[in-house]
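Below: the structure, in structure tokens.
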Amino acid sequence: MKKLNGFEKLKTSVFISGKGSNFYNLIKFSLKKNSPIRIKLLISNNSNAEGLKYAKKFHIKKKIYNYKNRLSTEKKIISELEKNKIKLICLAGYMKVLSKNFIKSFKGNILNIHPSLLPKYKGLNTHERAIKNKDKISGCTVHFVNSKIDSGKIIMQKKVRIFKKDTPKSLAKRILKQEHNLYPKAIRKLFSNL
Ligand code: GRF
């Protein structure tokens, strides 16, 4: 990863598809004086995503793509990222799989947050699966994105206890709270020279 000097913040793009609570949390983090990132661009595949409102509120440029064709959509996204000199992508509930070429073209500087202790429970419905398997612990993971879903190198994880009375909803809520701590921490870990 690129080393930063004291004055340069990493131009970052966040990709979302839904509520955007992690996006909001990353915006707040980026606004801290000593934060290593500056969020310049929001990308979404969903024009109804609730989280789009945060782009408006914080005057962050947003671009929405309909993904009729992945190849041509990704080309458009890449050109937008280049135009804005984006150096880091943070996926935060982005429901589209990025192609190998896209990931390669971005030289691995793509992070994701996932609501389980990877490598356990890649993909969707992580909380349902953890509860069904009677796991006692779940959690969340920030990892690099590679061409296999939820399989890139792990940067940081946080464990969360599962209680007997937990439902997928109650567990999701507790884990999401930890996600909001973990994502900024992981970013700081990567760019700790600031
Ligand atoms: C989070 O649980 C995240 O781990 C997963 O999708 C969810 C997004 O939530 N990848 P939000 O849109 O940030 O509120």
Side-chain angles (χ1 to χ4, degrees), residues 12-31 35 37 39-58 60 62-65 67 77 88-99 102-103 106 109-132 135 137-162 166-190:
T12 300
S13 175
V14 181
F15 287 29
I16 68 164
S17 299
K19 283 186 86 162
S21 72
N22 277 289
F23 172 44
Y24 176 60
N25 183 60
L26 287 175
I27 295 172
K28 284 197 300 181
F29 170 61
S30 74
L31 294 175
S35 163
I37 63 167
I39 300 177
K40 273 200 82 181
L41 178 66
L42 174 70
I43 301 280
S44 184
N45 64 312
N46 177 8
S47 57
N48 294 316
E50 227 186 280
L52 299 180
K53 65 183 178 204
Y54 300 119
K56 194 166 179 214
K57 188 166 174 201
F58 291 91
I60 293 167
K62 71 168 188 281
K63 287 277 170 182
I64 297 158
Y65 297 92
Y67 264 90
I77 296 178
L88 176 71
I89 294 174
C90 293
L91 305 183
Y94 194 57
M95 301 307 281
K96 289 286 177 190
V97 177
L98 300 171
S99 74
F102 183 97
I103 294 165
F106 219 74
N109 292 341
I110 309 177
L111 313 180
N112 183 39
I113 184 140
H114 184 75
S116 78
L117 292 177
L118 290 172
K120 246 186 163 179
Y121 307 129
K122 296 172 183 175
L124 298 175
N125 306 319
T126 55
H127 311 305
E128 281 89 340
R129 287 188 279 159
I131 289 173
K132 215 174 179 175
D135 290 357
I137 301 222
S138 187
C140 46
T141 304
V142 176
H143 64 94
F144 286 106
V145 172
N146 68 10
S147 57
K148 288 190 199 131
I149 287 180
D150 300 327
S151 299
K153 186 169 180 255
I154 290 171
I155 301 158
M156 270 185 132
Q157 294 187 302
K158 174 73 185 174
K159 288 181 185 162
V160 173
R161 278 274 307 279
I162 303 179
D166 261 327
T167 60
K169 208 175 158 192
S170 65
L171 180 60
K173 199 173 160 196
R174 274 205 323 287
I175 290 181
L176 191 61
K177 211 169 156 200
Q178 293 308 322
E179 291 182 31
H180 296 160
N181 286 324
L182 192 71
Y183 218 160
K185 256 193 185 170
I187 291 171
R188 274 205 199 283
K189 184 181 169 190
L190 291 173

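Remember, it's 1-based here, ligands and their atoms both numbered in the order they're listed.
Atom CE of M95 has 12 or fewer neighbouring heavy atoms from other residues, nucleotides or ligands inside a 6.0 Å radius. By the neighbour-count criterion of 12 heavy atoms within 6.0 Å, atom CD1 of I64 is densely surrounded, having more than that number from other residues, nucleotides or ligands.
Judged as a salt bridge (Lys or Arg N to Asp or Glu O under 4.0 Å), the pairs with a partner in residues 119-132 (not counting sequence neighbours) are, in order, K120-D135.
Put simply, no part of G51 is less than 4.0 Å from ligand 1, judged by heavy atoms. At least one heavy atom of I113 sits under 4.0 Å from some atom of ligand 1.
Every N/O-N/O distance between A92 and ligand 1 stays at or above 3.5 Å.
Counting heavy atoms from C-beta on, the side chains of I187 and C90 come closer than 4.5 Å. The closest side-chain heavy-atom distance from I77 to F106 is not below 4.5 Å.
For K53, the salt bridge (charged side-chain N to carboxylate O under 4.0 Å, His left out) partners two or more places apart in sequence, or in a different chain, are E50.
Scanning the protein heavy atoms around atom 7 (C) of ligand 1, the nearest turns out to be G93 CA, 4.2 Å. Among protein heavy atoms, the minimum distance from atom 12 (O) of ligand 1 is reached at G20 N, 2.7 Å. The protein heavy-atom contact nearest to atom 9 (O) of ligand 1 is N22 ND2, 3.9 Å. Residue, atom and distance of the protein heavy atom nearest to atom 1 (C) of ligand 1 are E179 OE1, 3.1 Å. In this structure, atom 14 (O) of ligand 1 lies nearest to the protein heavy atom S21 OG, 2.6 Å.
Ring orientation note: the planes of F58 and Y24 are tilted relative to one another, at an angle of 30° to 60°.
Numbered from 1 in the order shown, with element, the atoms of ligand 1 that lie under 4.0 Å from a heavy atom of P115 read 2 (O), 4 (O), 5 (C). Counting the atoms of ligand 1 from 1 in the order shown, those under 4.0 Å from a heavy atom of K19 are 12 (O), 14 (O).
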